[in-house]
Q: 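Quick one: the structure is below, and I'll ask about it shortly.
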Protein chains: 4
Amino acid sequence: MTARAEPVHDEPRRGRPRSESSRQAILAAAGELLLERGPNSISMDEVAERAGASKATIYRWWPSKELLALDALYNQSEPSQHEPPDTGSFAKDLLALIRPWARQLSTASYARLVAAFISRAQNDPEFGEEYRAHFVKPRREQARVVFERAIERGEISSDTDVEAALDLLYAPFYHRVLHGHAKLTDDFIQTIVGYVVRALAPAR
Amino acid sequence: MTARAEPVHDEPRRGRPRSESSRQAILAAAGELLLERGPNSISMDEVAERAGASKATIYRWWPSKELLALDALYNQSEPSQHEPPDTGSFAKDLLALIRPWARQLSTASYARLVAAFISRAQNDPEFGEEYRAHFVKPRREQARVVFERAIERGEISSDTDVEAALDLLYAPFYHRVLHGHAKLTDDFIQTIVGYVVRALAPAR
Amino acid sequence: MTARAEPVHDEPRRGRPRSESSRQAILAAAGELLLERGPNSISMDEVAERAGASKATIYRWWPSKELLALDALYNQSEPSQHEPPDTGSFAKDLLALIRPWARQLSTASYARLVAAFISRAQNDPEFGEEYRAHFVKPRREQARVVFERAIERGEISSDTDVEAALDLLYAPFYHRVLHGHAKLTDDFIQTIVGYVVRALAPAR
Amino acid sequence: MTARAEPVHDEPRRGRPRSESSRQAILAAAGELLLERGPNSISMDEVAERAGASKATIYRWWPSKELLALDALYNQSEPSQHEPPDTGSFAKDLLALIRPWARQLSTASYARLVAAFISRAQNDPEFGEEYRAHFVKPRREQARVVFERAIERGEISSDTDVEAALDLLYAPFYHRVLHGHAKLTDDFIQTIVGYVVRALAPAR
DNA sequence: TCCTAACCGAGACGGTACGTCGCGTCTTAGG
DNA sequence: CCTAAGACGCGACGTACCGTCTCGGTTAGGA
């Protein structure tokens, strides 16, 4: 993982440098197994064996299975750091932002991963920080830009509680995926976006 | 769930009957440990020992730690099947409904439990069903009544998508608790309820 | 088992009498399973189920699995209390005595049983007593008669240590069967009997 | 047996080498407990705890409690590979050979162990092989040398069936110890040896 | 004809030990 | 200093039997 694994060293590093091929193999193996069977059904031994690496090497660079999973997932997702869309309409911006992400989220593989991350985060605050920094905050920042543009354009109220609004927008998708009481359909996306738009609309 | 399903027996029961005292002791022990340390940090051995029961007895009636936790939690919560409040105002009804529940949810103990339940549900659909039936659906039904009364009173649009609206209402609270990016304050509750009210308001 | 299960009662027995059919079913089930798989690979639950009896009933009448096995074996063997043979020749008497018994002993089923009995006897003196009384002493008594007749006839020395001689005669067969280093063949029987005869022959 | 089989490795050994101290600790712990209480009254957990080792480590190297017991016993007994005695007299050689061994055998600890070994051997041929190779054959080989010297010296018949004679010699001691119908006294040893000598004496 | 003791089956119980699995660490030899 | 291999201590798992203990129901003799 970017932030953690690359400490700054003033003096040049001595000894054998970290094996990049090993790192890639571990991330690849973890990624495959994660999507195949979910993070609770795989073992570090298994990842090590499939990667042709040793467990010690994994633990040297990733403190836990979930953190490895996080990194594997992150490395696997295309590096597309989408600029938040700017269609000129708040509703369309939100749809453009939510749709591709919600599609990804609605696959069983991702649901299992997110659930495992959340579970781990309850007992390991450090992990929670890491998880939020990489998978939650970036998305919120994108939406925040959209919200702020909408405020500037006067599409939504200027005293919008943006933090709460972000929760209002994102939470329903997590909710359906994690609790599984209903499907995350495109209709649902549109409905929720519609409700959010009306909830934040400026006072008449 | 096994323990709660009490099928009617036409034929007389044979063999030694299930020990009610043992069942209670196990549920009590599990409940205590669960709230103390969370479901991932306790062992079945420990529950068995504290309950003065044998592990075999636990496994005879509860197939997994999570199902036991579910049952323990359910048996522990007072059997109060609150009628959904009827204050005459949609917003006040929602607040009356959400506030006590959100307070309970925002304790660390419950967050850990819910996270563990959700995680387990991803890999065990049967468990998911059980979890939703006992902890999710009842709450949704209460809110549904409130929504329908509001429709009758004309406070919210008659073509409200109630399922989506339920998600819009409940999801943000789960979201904050599970992801931990912000506190679940009373301000937050009021803000979300306000947004929901405006989102569902009848067209002008 | 005869001696244990039929206590003398002065006053007539009250209450429901012991179920003979149950007793037979248990002995039969135990006997079958014993010969099929050996006493270490069967459980009391299994015997109870096959017999259509309850475990409590078994334990009411037989204190342990081995004792039950002993009884099952005993009841299964034909009640033939052979008179020790009297052919007029010491060697022929011994052969007539040993041959049928050794044949039976040399089946794998019996070896497993005897081994289990011996093993149990090490830790349970009461069981050892029972075992010897039913399976060891009767055979020794038969041979003792043969020995004594041979002494009378002058075929063997009058100061023969009969106890030691009985061990000299029987032990080699147990030995081969239990240790399994060589087969218990008819040749072997003849050889051992021959050696015993010569060992005990009167001084020249 | 795993632990004793030290195959030659052409390729250099990879990975962490087996811990010799752990092996010794396990064997020592097993040995002590075995002699204290017999193999049926000890648990692997107990051995592991006393040895400061983990159960997994024990099971990695010894497939069963009995095999561990065998190894522990073997490692415990002094490595004295006594040359068979050569006193010039067959009877004295036998006595010199049997006496110390019979003394050891006649302690309760050894009787329990031997009985357990024999019992296990009935259901596990591989174990039986191991047991005989380490505890039965070596003794027979020593006696065989004594027998062959006696044949050369003309003390016993040249057509002696040595295998049967070995059984005739050793079996009675096992017999008394395992069946427990009589004590293994020095008188008994002398009597049996005397009988064996006379049984094998050359024809007049 | 009841009463009551002793039996019976079914099957749940507390308990002990089992053998396995996964974790995260450590110890080798080798690059 | 890194790596692969793989053994290690630890702790929990879920299972198998043990021998005991209720249950409701059955079968006798004695009252």
Side-chain angles (χ1 to χ4, degrees), chain A residues 13-19 21-23 40-46 48-49 51-65, chain B residues 11-23 25 40-46 48-49 51-61 63-65, chain C residues 11-19 21-23 42-49 51-61 63-65, chain D residues 11-23 41-46 48-49 51-61 63-65:
Chain A
R13 309 285 291 108
R14 300 197 1 161
R16 178 176 175 174
R18 178 172 182 189
S19 158
S21 69
S22 189
R23 182 179 155 271
N40 294 334
S41 310
I42 69 173
S43 67
M44 290 300 248
D45 293 73
E46 212 169 354
E49 191 181 6
S54 98
K55 270 198 297 174
T57 300
I58 302 184
Y59 280 107
R60 209 193 310 282
W61 301 107
W62 294 275
S64 76
K65 186 159 67 177
Chain B
E11 81 269 16
R13 303 297 295 114
R14 302 197 307 174
R16 178 176 177 174
R18 178 171 182 189
S19 158
E20 180 59 22
S21 69
S22 187
R23 182 180 155 270
N40 295 334
S41 310
I42 69 174
S43 69
M44 291 301 244
D45 291 75
E46 212 168 354
E49 190 179 7
S54 90
K55 265 199 296 176
T57 299
I58 302 183
Y59 281 107
R60 211 186 324 271
W61 302 110
S64 74
K65 191 157 63 181
Chain C
E11 79 260 26
R13 309 285 292 107
R14 299 202 3 162
R16 180 175 176 175
R18 176 173 184 189
S19 159
S21 70
S22 188
R23 182 180 155 271
I42 69 175
S43 67
M44 291 300 248
D45 292 72
E46 212 169 355
V47 175
E49 190 181 6
S54 95
K55 273 199 295 175
T57 301
I58 302 184
Y59 280 107
R60 209 191 316 276
W61 302 108
S64 76
K65 186 160 67 178
Chain D
E11 81 269 17
R13 303 296 296 113
R14 301 197 308 174
R16 179 176 177 173
R18 178 170 180 190
S19 159
E20 180 59 22
S21 70
S22 187
R23 183 180 155 268
S41 311
I42 70 174
S43 68
M44 291 301 244
D45 291 73
E46 212 169 355
E49 189 179 8
S54 89
K55 266 199 297 176
T57 299
I58 302 183
Y59 281 108
R60 214 191 315 277
W61 300 109
S64 74
K65 190 157 64 179

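Residue numbers begin at 1 in each chain, while the letters A, B, ... track the order of the sequences.
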Q: Report the residues that fulfil side chain to side chain contact (heavy atoms under 4.5 Å, CB included) with E49(D), sequence neighbours left out, ordered by chain and then residue number.
A: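 E49(D) satisfies side chain to side chain contact (heavy atoms under 4.5 Å, CB included) with no other residue.
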Q: Need to verify one output field. Residue with the more 5' nearest nucleotide on DNA chain F, S41(B) or K65(C)?
A: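 First, find each residue's nearest nucleotide; the 5'-ward one identifies S41(B).
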Q: Whole angstrom is fine here: how far is it from CD in E49(D) over to P in dG11(F)?
A: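 After rounding, the gap between these two atoms is 11 Å.
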Q: Mind checking S22(A) for me? I need base, sugar-phosphate or nothing, with any heavy atom below 4.0 Å counting as a touch.
A: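 Here S22(A) touches the backbone only, sparing every base.
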Q: Whole angstrom is fine here: how far is it from CZ in R23(C) over to P in dC8(E)?
A: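 Distance, rounded to whole Å: 12 Å.
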Q: Ignoring backbone atoms, establish whether R18(C) has a side-chain N or O less than 4.0 Å from OP1 or OP2 of dA6(E).
A: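 The answer is no; no side-chain N or O of R18(C) sits under 4.0 Å from OP1 or OP2.
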Q: Can you name the residues that form a side chain to side chain donor-acceptor pair (under 3.5 Å) with S19(C), not counting sequence neighbours?
A: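 For S19(C) the side chain to side chain donor-acceptor pair (under 3.5 Å) partners, ignoring immediate neighbours, are S21(C).
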Q: Mark yes or no: R18(C) above the aromatic ring of W61(C), with NZ or CZ under 6.0 Å from the six-membered ring centre and no more than 45 degrees from the axis.
A: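 Yes, R18(C) and W61(C) form such a contact.
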Q: Mapping I42(D) and A51(C) onto DNA chain E by nearest heavy atom, which one lands closer to the 5' end?
A: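 So the residue in question is A51(C).
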Q: What is the bend of the helix from dT1(E)-dA31(F) to dG31(E)-dC1(F) when you compare the axis at one end with the axis at the other, using five pairs each and rounding to 10°?
A: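 Inter-axis angle at the ends, rounded: 10°.
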Q: Using whole Å, report how far CG of D45(C) lies from P of dG9(E).
A: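 The answer, rounded to whole Å, is 14 Å.
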Q: Indicate whether OP1 or OP2 belonging to dG24(E) is found under 4.0 Å from a side-chain N or O atom of W62(A).
A: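 Looking at the OP1 and OP2 atoms of dG24(E), neither is under 4.0 Å from any side-chain N or O of W62(A).
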Q: Both E46(A) and T57(C) contact DNA chain E. Which one's nearest nucleotide lies toward the 5' end?
A: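 Of the two residues, T57(C) wins.
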Q: dA4(F), dT3(F), dG22(E): which one has an atom nearest the side-chain heavy atoms of S19(A)?
A: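 It is dT3(F).
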Q: For dC13(E), take OP1 and OP2 only and decide whether either is under 4.0 Å from a side-chain N or O of R60(B).
A: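 For dC13(E), OP1 or OP2 has a side-chain N or O of R60(B) closer than 4.0 Å.
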Q: Measure CE/M44(D) against C1'/dG9(F) and give the value in whole Å, please.
A: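 After rounding, the reported distance stands at 16 Å.
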Q: List the residues meeting side chain to side chain contact (heavy atoms under 4.5 Å, CB included) with A48(A), not counting sequence neighbours, and say none if there are none.
A: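 Side chain to side chain contact (heavy atoms under 4.5 Å, CB included) check on A48(A) returns K55(A), I58(A).
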Q: Just N and O in the side chain of W61(A): are any of them under 4.0 Å from OP1 or OP2 of dG24(E)?
A: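 Negative; the distance criterion is not met.
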Q: To the nearest 0.5 Å, tell me how far T57(D) OG1 sits from R60(D) CZ.
A: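 Answer rounded to 0.5 Å: 4.5 Å.
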Q: List the residues meeting side chain to side chain contact (heavy atoms under 4.5 Å, CB included) with A53(C), not counting sequence neighbours, and say none if there are none.
A: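 Applying side chain to side chain contact (heavy atoms under 4.5 Å, CB included) to A53(C) gives S22(C), I26(C), A51(C).
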Q: Might you list the N or O atoms of the protein lying below 3.5 Å from N or O atoms in nucleotides 20-22 of chain F, with each pair's distance?
A:
{"unit_1": "dC21(F)", "atom_1": "O2", "unit_2": "R16(B)", "atom_2": "NH1", "d": "2.9"}

Q: Provide, to the nearest angstrom, the distance between the CD1 atom belonging to I58(B) and the C1' atom belonging to dT15(F).
A: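 Rounded to whole Å, this separation is 14 Å.
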Q: When you look at K65(D) and I42(D), which way does the side-chain contact (heavy atoms from CB on, under 4.5 Å) test go after all the steps?
A: CA-CA 9 Å; K65(D) 190 157 64 179; I42(D) 70 174; 4.2 Å; yes
